[in-house]
Amino acid sequence: MEFHHVSVMPEETIRGLLTDLSGIYVDCTLGGAGHSGRIAEQLTENGRIIGIDQDAEAIEAAGRHLAGSRCRVDIVHDNFRNLDAILEAQGAPLVDGVLFDLGVSSHQIDDAERGFSYMQDAPLDMRMDPNGLLTAEDIINDWEEDELNRIFHEYGEERWSKRIAQFIVQARSEKRIETTGELVDIICRAIPKAVRRAAGGHPAKRVFQAVRIAVNDELGILEKSFRAAVKHLKPGGRIAIITFHSLEDRIAKNTLRELARGCICPPELPVCVCNHKPEIKQIGKAVQPGKDEMAENPRSRSAKLRIAEKL
């Protein structure tokens, strides 16, 4: 299957991220190099892109896309949780920009065998890195009912989390749950028909999101990675973060806000004694796709772009 992914807010992202056309830019979520391809078009021959992805198919597609770029391109097969080590190995301790385009790619959703989609029957997998040990099948069949309830509630914000967990445990006591189709059927049985009809949208959406996040530890690595990115920025360099759901965006928003704070003394102190200095300044408010982009790419509707600059 040909790798296909539509990058969200490409113009807004590149316009906000690029400050030096001969600089070094890190794409922490390279994918098919949609954003990096746009960056490469802007950079001079002295510029450099370091692209990171944990998906081998994305790495291969990005290599084809970026072949022939006039700037230097280095592609790393790794997870951005290891950003410190990656930049050290690349001899790039300070960079001009870092991009995070979070969530699952269009290609991963559309490739039925990856098990990300609730619209296609496939093995329960959901690993962004196919070499990862934990799969969606492991979580659904082996995790305790309370833990399933927790991730459905916290990661999926699913109001029927407890009932869905109960139905899953009952179903797996009779037979191991192995496919996305089986899981969708269980979720649909757990949520009352009247509720499904009134809510609109697919009833399995939130649970699939929760399981995907748990399989790939998507939330656990974000704050640390955002802080690492800011640490490696040159003064005037920028970080751009694209999120696709409220959990990601909350971490991005809170981390950037904390890094932009000055004094952190208790409010009851009359004068500042902490001497804490802000590390960044936020550039404008969060940006969302325009109506035309949302119409052309419905998956972009929930996206938010946040940009900050290193002081």
Side-chain angles (χ1 to χ4, degrees), residues 1 3-5 31 53-59 77 79 81 102-197 199-222 244-245 247-248 299:
M1 180 179 180
F3 196 100
H4 173 71
H5 177 66
D53 208 289
Q54 60 184 332
D55 189 325
E57 292 182 3
I59 292 289
H77 187 192
N79 188 299
R81 75 191 325 154
L102 303 175
V104 63
S105 75
S106 301
H107 174 79
Q108 289 167 331
I109 294 174
D110 294 337
D111 185 353
E113 292 305 308
R114 302 293 293 273
F116 286 101
S117 176
Y118 43 78
M119 301 297 290
Q120 305 176 81
D121 193 25
L124 271 172
D125 193 325
M126 301 196 197
R127 289 173 296 176
M128 292 183 181
D129 177 0
N131 294 317
L133 298 179
L134 182 66
T135 69
E137 182 180 339
D138 297 329
I139 289 175
I140 292 300
N141 288 281
D142 301 334
W143 286 21
E144 297 291 338
E145 181 179 319
D146 287 347
E147 189 64 5
L148 292 177
N149 175 30
R150 183 189 70 80
I151 66 169
F152 298 161
H153 179 71
E154 291 185 11
Y155 298 167
E157 300 178 302
E158 171 57 67
R159 59 177 293 208
W160 294 92
S161 59
K162 185 176 179 65
R163 183 174 165 90
I164 293 169
Q166 291 171 341
F167 272 59
I168 286 172
V169 171
Q170 174 58 40
R172 75 189 191 191
S173 69
E174 301 170 5
K175 174 190 174 297
R176 189 169 179 84
I177 303 165
E178 298 177 335
T179 70
T180 56
E182 291 171 346
L183 180 57
V184 168
D185 287 343
I186 295 167
I187 295 168
C188 288
R189 292 200 306 270
I191 301 175
K193 185 181 295 186
V195 173
R196 298 201 308 268
R197 192 182 302 117
H202 199 286
K205 179 179 180 179
R206 292 183 176 86
V207 169
F208 270 62
Q209 172 182 296
V211 176
R212 189 200 80 219
I213 289 172
V215 168
N216 298 288
D217 190 25
E218 292 178 34
L219 299 180
I221 66 176
L222 291 185
F244 287 86
H245 57 74
L247 301 175
E248 292 174 342
R299 290 173 181 167

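D129 and R127 are not joined by a salt bridge, as no carboxylate oxygen comes within less than 4.0 angstrom of a charged side-chain nitrogen.
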For the pair I213 and H245, evaluate side-chain contact (heavy atoms from CB on, under 4.5 Å) and give the outcome as yes or no after the intermediate values.
CA-CA 11 Å; I213 289 172; H245 57 74; 3.5 Å; yes
Take V211 and F152 through the test side-chain contact (heavy atoms from CB on, under 4.5 Å) and record every step on the way to the result.
CA-CA 7 Å; V211 176; F152 298 161; 3.8 Å; yes
Chi angles and distances behind the side-chain contact (heavy atoms from CB on, under 4.5 Å) call for Y118, K205:
CA-CA 7 Å; Y118 43 78; K205 179 179 180 179; 3.8 Å; yes
How far apart are the C-alpha atoms of I139 and M126, what are their side-chain angles, what is the distance that settles it, and do they pass the side-chain contact (heavy atoms from CB on, under 4.5 Å) test?
CA-CA 11 Å; I139 289 175; M126 301 196 197; over 6 Å; no
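E182 and D121 get closest at one heavy-atom pair: N-OD1, 4.4 Å. Counting all heavy atoms, side chain and backbone alike, A165 lies closest to L148 at CB-CB, 4.0 Å. Here the closest heavy-atom approach between residue P203 and residue E158 is recorded as O-OE1, 4.2 Å. Closest approach of I151 and A214 over heavy atoms only: CD1-CB, 4.1 Å. Of all non-hydrogen atoms in Q54 and P130, the two that sit nearest each other are O-CD, 4.4 Å. Heavy atoms only, all atoms of each residue included: W143 and E147 are closest at CE3-CG, 3.4 Å.
By the 6.0 Å contact criterion, NE2 on H202 is enclosed, its count of non-hydrogen atoms from other residues, nucleotides or ligands being greater than 12. The 12-atom threshold is exceeded at NZ of K175, counting heavy atoms of other residues, nucleotides or ligands nearer than 6.0 Å.
At least one donor-acceptor pair under 3.5 Å links the side chain of R163 to the backbone N or O of A190. Using a distance-only test at 3.5 Å, with no hydrogens or angles considered, no donor-acceptor pair links the side chain of E154 to the main chain of R150. In this structure, the side chain of D125 does not engage the main chain of G115 through any donor-acceptor pair within 3.5 Å. Side-chain atoms of D53 do not come within 3.5 Å of backbone N or O of A58 as any donor-acceptor pair. A distance-only check finds no donor-acceptor pair linking the side chain of R176 to the backbone of N141 [under 3.5 Å]. Using a distance-only test at 3.5 Å, with no hydrogens or angles considered, a donor-acceptor pair links the side chain of Q209 to the main chain of Y155.
One finds the CD1 atom of I191 at 8.5 Å from the CZ atom of R206 (value rounded to the nearest 0.5 Å). Once rounded to the nearest 0.5 Å, the distance linking CD of E145 with CD of Q170 reads 10.0 Å. In this structure, OG in S173 is found 12.0 Å from CD1 in I168, a value given to the nearest 0.5 Å. I221 contributes atom CD1, which lies 4.5 Å from atom CG of N79 (distance to the nearest 0.5 angstrom). How far CG of N216 is from OG1 of T135: 10.5 Å, rounded to the nearest 0.5 Å. The CG atom of L124 sits 6.0 Å away from atom OG1 of T180, with the distance rounded to the nearest 0.5 Å.
D185 is linked by a side-chain hydrogen bond (donor to acceptor under 3.5 Å, both in side chains) to nothing, counting only residues two or more places apart in sequence or in another chain. In terms of the side-chain hydrogen bond (donor to acceptor under 3.5 Å, both in side chains) criterion, residue partners of R212 (sequence neighbours excluded) are, by chain and number, E218.
Side chains of S161 and N149: a donor on one and an acceptor on the other come within 3.5 Å.
With contacts defined as side-chain heavy-atom distances shorter than 4.5 Å, the pair I187/W160 does not qualify. Looking at heavy atoms from C-beta onward, L222 lies in side-chain contact with L219 at the 4.5 angstrom threshold.
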